[in-house]
Amino acid sequence: MSSSTTCPPPAPGLNVIALISGGKDSLYSILHCIRNGHNVVALANLYPNSSPEGTAGDDEEEEDIDSFMYQTIGHSVIPLYESALGIPLYRAPITGGAVDTSRIYRQNAADQMAEAGDGDGDGDETESLIPLLRRIKREHPEANAVSAGAILSTYQRTRIENVAGRLGLVPLAWLWMYSILPASEERKTSGAMVDEAGLLEDMAASGCEARIIKVASGGLDEGFLWEDVSGAGGAVRRRMLKGMRRFAGEEEIRGAVLGEGGEYESLALDGPGFLWKQKIEIGDVQVRRGDGGVGYMRLKGAKCVPKTTGQDVTAEAVRRPSLLDDSFAGALEGLVSSSMEDESTPATRVQSEQYAWKHEPSQSKCGNTWTISNITAPEAGPGTGEQMEEIANKTQAILESSVYESNSGPRSTDDIVFATVLLRSMTDFALMNSVYVSLFKKPNPPGRAAIACGDSLPDGVNIMVSFVVDLGPRDLRQGLHVQSRSYWAPANIGPYSQAMSIPLQGGGNMVYIAGQIPLEPASMEIAGAEKQSWVEGYALRSVLSLQHLWRIGTAMQVDWWLGVVAFMTGQDIDTKARLAWRLWEKMHIQPKDDEEEEESALDAWDIKCGGRGHEQLLNTAASTLPNFSIVQSDPSVPPFFAVQVEELPRGSDIEWQGLGCRCDQLKMTLGEIDQGCSTETTVNDGLRYTGIEIGIEQAGSNLETCLRQILDKYCQTPTASHAVVYTAQSLPGDLWPGQVVLCTSLWGQKGRKLVAGVIVQMKSPDGTA
């Protein structure tokens with residue numbers, strides 16, 4: 001197996017409105033729209049309000065304006081793209097300015113998807129897109145998607161996603177995180193630069209021509225103006241890398257070489273014939289100088305000219321990143337062959353005494369987090385929609401009547417950072433989701449894991465929900481909610497974020513990451529369907545979905561996993577559990593001392609001088625997860641549970657859900673206790689996180705006694721601990737004070753079958769968490 005494993009693109013394709021600025025990224029994104037089977041029906045562009053829409057010609061354009069959102073230099077050339085590409089172009093003036101300059105657009109809006117007004121985004125330049133896209137939709141009613149060229153800019157991406165959501169368009173951002181994605185097999189074998197300038201190399205391989213028309217970085221001087229950043233041979237790219245390294249240092253150039261921090265801006269003039277019907281030619285160029293070392297080009301006499309004939313690039317030759325990072329491709333190797341040595345045994349539900357279910361939710365507090373667990377509403381009626389409505393009402397009431405103090409005032413659903421949704425059947429998912437979505441109006445809704453437990457749920461209960469609530473300051477909370485399709489990780493199309501990060505009282509951050517299923521990011525289809533054996537397909541899906549978890553964790557600067565759950569469905573669960581464990585174990589093998597990882601950031605000049613540095617808060621480095629340098633003890637594999645359930649979203653047979661931490665140091669302790677095996681992690685001498693495996697040999701037929709002993713040891717104070725139990729046995733309604741996840745079977749480290757698995761989060765003896 002190799003990292004070039006891919007899935008076929010979806011069919012039928014989307015009908016895309018391509019946002020273009022004239023820059024290399026927005027035009028290159030159109031190539032990827034076509035490469036992924038989509039049809040571009042219209043081009044959209046916003047131009048400075050002081051300039052006429054007109055057609056390009058000999059007149060000089062006015063000065064470009066400083067816009068956080070749009071590239072405006074070179075805007076006089078934009079009308080030529082309609083003829084050059086043979087796609088209708090629609091333009092409108094930019095109105096307003098950068099009113100909302102927060103990294104996440106409309107962060108403080110009462111409802112981020114409502115129309116802007118009353119100062120809530122009103123007058124912001126982003127809103128200029130709304131009437132333009134509406135006009136295009138009237139002319140092209142088939143349009144159902146919008147494409148943009150964001151690479152690392154959360155600022156730009158969240159604004160386009162907000163507009164797309166309000167207009168019912170699917171957002172596409174093919175270049176999102178492109179600079180940290182694995183190179184395509186073609187680039188790996190071409191001998192080209194595969195790291196910082198890899199995107200530019202792929203543009204060059206597609207026959208793109210993009211000229212630098214503005215420089216605004218200490219690493220690039222006026223000598224780079226009008227150079228072709230995507231030209232054949234790579235001489236310009238090598239000069240750019242050398243200049244950036246000399247100025248900013250090796251670790252700070254990834255985004256800078258691509259111009260993501262405003263280091264330079266470009267103008268696309270030509271590309272492959274399947275998109276570019278003509279090329280753009282500029283009659284005269286003049287160098288101009290601005291303040292602070294800025295240099296730019298004045299362009300005159302722009303026109304379209306016929307393309308020269310010759311060998312051309314096909315859409316199929318446009319390079320796409322490999323599906324798997326090298327580390328995960330390596331983990332996949334041997335996983336299938338090793339699984340063949342296992343002898344499968346059927347997984348059966350452990351029979352136990354049936355207890356009446358307690359319908360009141362449980363609550364607990366630990367440091368800055370408050371959990372509201374096991375909310376059900378069978379009294380609302382037999383329908384899942386009815387029960388979810390009542391669960392929503394109960395949740396609101398509990399939050400409003402909170403007895404827990406907070407420095408940020410009363411709590412609301414805006415403070416929920418993670419949700420676990422247990423359904424009886426996945427056929428009820430849409431009914432649940434239609435109500436669930438009404439609870440969250442902010443840009444970063446909580447992370448979520450949604451599974452179907454079948455008849456493991458108590459009689460009459462179609463849905464059970466548990467929430468984690470952050471009691472800390474809202475302005476210190478960080479979320480990641482990427483809704484655009486890309487090659488990076490699956491888009492979150494729905495009311496949940498990929499991750500939420502909250503501060504810990506003892507220092508560091510807790511990072512809650514949503515359940516990840518093996519969707520191929522570009523197609524949003526389940527991977528591995530073409531595999532001949534179920535083992536090969538399952539192995540690929542296990543690796544891909546864990547890679548999604550890893551990439552999200554890396555973006556959120558997670559140093560270490562506190563624990564993970566692999567939800568699984570179908571037959572051969574014991575084999576699937578062993579495969580998942582081996583993968584998890586392999587990803588925690590400590591590298592040799594000489595295997596150092598790089599980090600990257602924006603151009604240092606941009607950060608110092610206030611360009612677009614405010615956009616870049618995500619970690620765009622190569623993965624340093626797990627970060628063994630913070631472990632102050634012998635490192636151990638973090639807690640792992642493989643949990644068999646009835647169904648998972650999209651018919652998947654694997655879903656990884658993890659909890660990570662950002663911290664300066666941690667210690668790990670392995671132990672044998674009367675109730676089973678334990679793995680304890682202490683974070684920054686504050687939070688203590690313990691995973692406990694209860695095997696048949698410990699529990700025998702008396703799980704209740706084991707759990708009571710664990711509660712006596714770890715959870716004596718409900719205001720200082722959280723507890724979660726995974727089990728296939730029913731429990732007395734008044735036994736467990738925390739969250740319950742009911743399942744069909746349960747497996748632990750090394751594929752050991754368990755009666756129950758327990759996670760306890762608690763304060764350290766000094767009272768911090």
Side-chain angles (χ1 to χ4, degrees), residues 23-29 31-32 35 149 151-152 174-175 177-261 263-273 275-276 279-280 282 285 295 297 307-308 310-314 317-322 326 487 598 600 602-603 620 622:
K24 59 180 174 54
D25 302 327
S26 61
L27 272 296
Y28 187 58
S29 293
L31 300 186
H32 284 271
R35 176 69 176 90
I151 303 174
L152 300 172
W174 300 115
L175 306 188
M177 294 290 185
Y178 198 100
S179 58
I180 66 169
L181 297 181
S184 63
E185 292 302 313
E186 297 87 350
R187 198 198 318 157
K188 289 177 181 178
T189 58
S190 70
M193 289 177 283
V194 298
D195 293 323
E196 297 90 350
L199 173 59
L200 303 180
E201 293 290 336
D202 289 349
M203 290 180 179
S206 296
C208 297
E209 178 184 349
R211 302 280 176 172
I212 297 176
I213 57 174
K214 182 179 180 180
V215 291
S217 167
L220 300 178
D221 57 25
E222 293 174 6
F224 284 91
L225 289 172
W226 207 239
E227 294 284 12
D228 183 2
V229 296
S230 57
V236 174
R237 295 184 288 282
R238 286 189 287 272
R239 284 175 53 208
M240 291 173 66
L241 283 166
K242 184 177 180 181
M244 290 298 182
R245 284 173 178 150
R246 183 175 61 248
F247 178 76
E250 183 72 28
E251 75 282 2
E252 297 179 330
I253 63 173
R254 189 185 303 271
V257 171
L258 303 180
E260 273 293 278
E263 293 81 5
Y264 68 91
E265 295 185 9
S266 61
L267 185 69
L269 299 179
D270 196 8
L275 174 64
W276 290 76
K279 65 178 295 184
I280 296 174
I282 307 297
V285 295
M297 306 298 298
K307 291 171 64 72
T308 57
Q311 189 69 27
D312 206 352
V313 175
T314 64
V318 173
R319 294 174 177 176
R320 293 189 292 188
S322 296
D326 289 344
Y487 298 113
E598 295 182 359
S600 64
L602 286 181
D603 187 330
T620 60

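The shortest heavy-atom contact between V257 and A197 is CG1-CB, 4.0 Å. Nearest heavy atoms, A268 versus G23: CB-O, 4.3 Å. In terms of heavy atoms, V229 sits closest to M240 at CG1-SD, 4.0 Å. In this structure, P182 and S322 approach most closely via the heavy-atom pair CG-O, 3.2 Å.
No option in V285, I282, L267 other than L267 meets the side-chain contact (heavy atoms from CB on, under 4.5 Å) test with I213.
In this structure, D312 contributes its side chain and G273 its backbone to a donor-acceptor pair below 3.5 Å.
When side chains are defined from C-beta on, K214 does not count as touching Y264, because their heavy atoms never get closer than 4.5 Å. The shortest side-chain heavy-atom distance between W276 and L27 falls under the 4.5 Å cut-off. The shortest side-chain heavy-atom distance between E265 and I212 does not fall under the 4.5 Å cut-off. Counting heavy atoms from C-beta outward, D221 and V215 have side chains that stay 4.5 Å or more apart. In this structure the side chain of L200 reaches within 4.5 angstrom of the side chain of K24, judged on heavy atoms. Side-chain contact between E227 and R239 is present, with at least one heavy-atom pair separated by less than 4.5 Å. Side-chain contact check for R211 versus L269: some heavy-atom pair is nearer than 4.5 Å. Contact annotation: the side chain of P272 approaches that of L31 to within less than 4.5 Å [non-hydrogen atoms, C-beta and beyond].
Note that the OG atom of S179 and the CG atom of L199 stand 8.0 Å from one another [nearest 0.5 Å]. Distance CH2/W174 to CD1/I151: 15.0 Å, rounded to 0.5 Å. Rounded to the nearest 0.5 Å, atoms CG (L225) and CE (M297) are 5.5 Å apart.
No salt bridge links R187 with E185; every basic N to acidic carboxylate O contact stays at or beyond 4.0 Å. Ionic pairing of R319 and E201 is not present here: no N-O contact between side-chain nitrogen and carboxylate oxygen is shorter than 4.0 angstrom.
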*asked:* Pair D25, M203 - check side-chain contact (heavy atoms from CB on, under 4.5 Å), show working.
replied: CA-CA 9 Å; D25 302 327; M203 290 180 179; 3.4 Å; yes
_Could you walk me through whether K188 and E186 satisfy the salt bridge (Lys or Arg N to Asp or Glu O under 4.0 Å) test, starting with their C-alpha distance in whole Å, then the side-chain angles of each, then the deciding distance to 0.1 Å, before giving a yes or no?_
CA-CA 5 Å; K188 289 177 181 178; E186 297 87 350; over 6 Å; no
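Judged by the 6.0 Å distance and 45° axis criteria, R320 is not positioned over the aromatic ring of Y487.
In this structure, Y28 and Y178 have perpendicular ring planes: the angle between them is above 60°, well past the 30° mark.
Side-chain atoms of D228 and S230 include a donor-acceptor pair closer than 3.5 Å.
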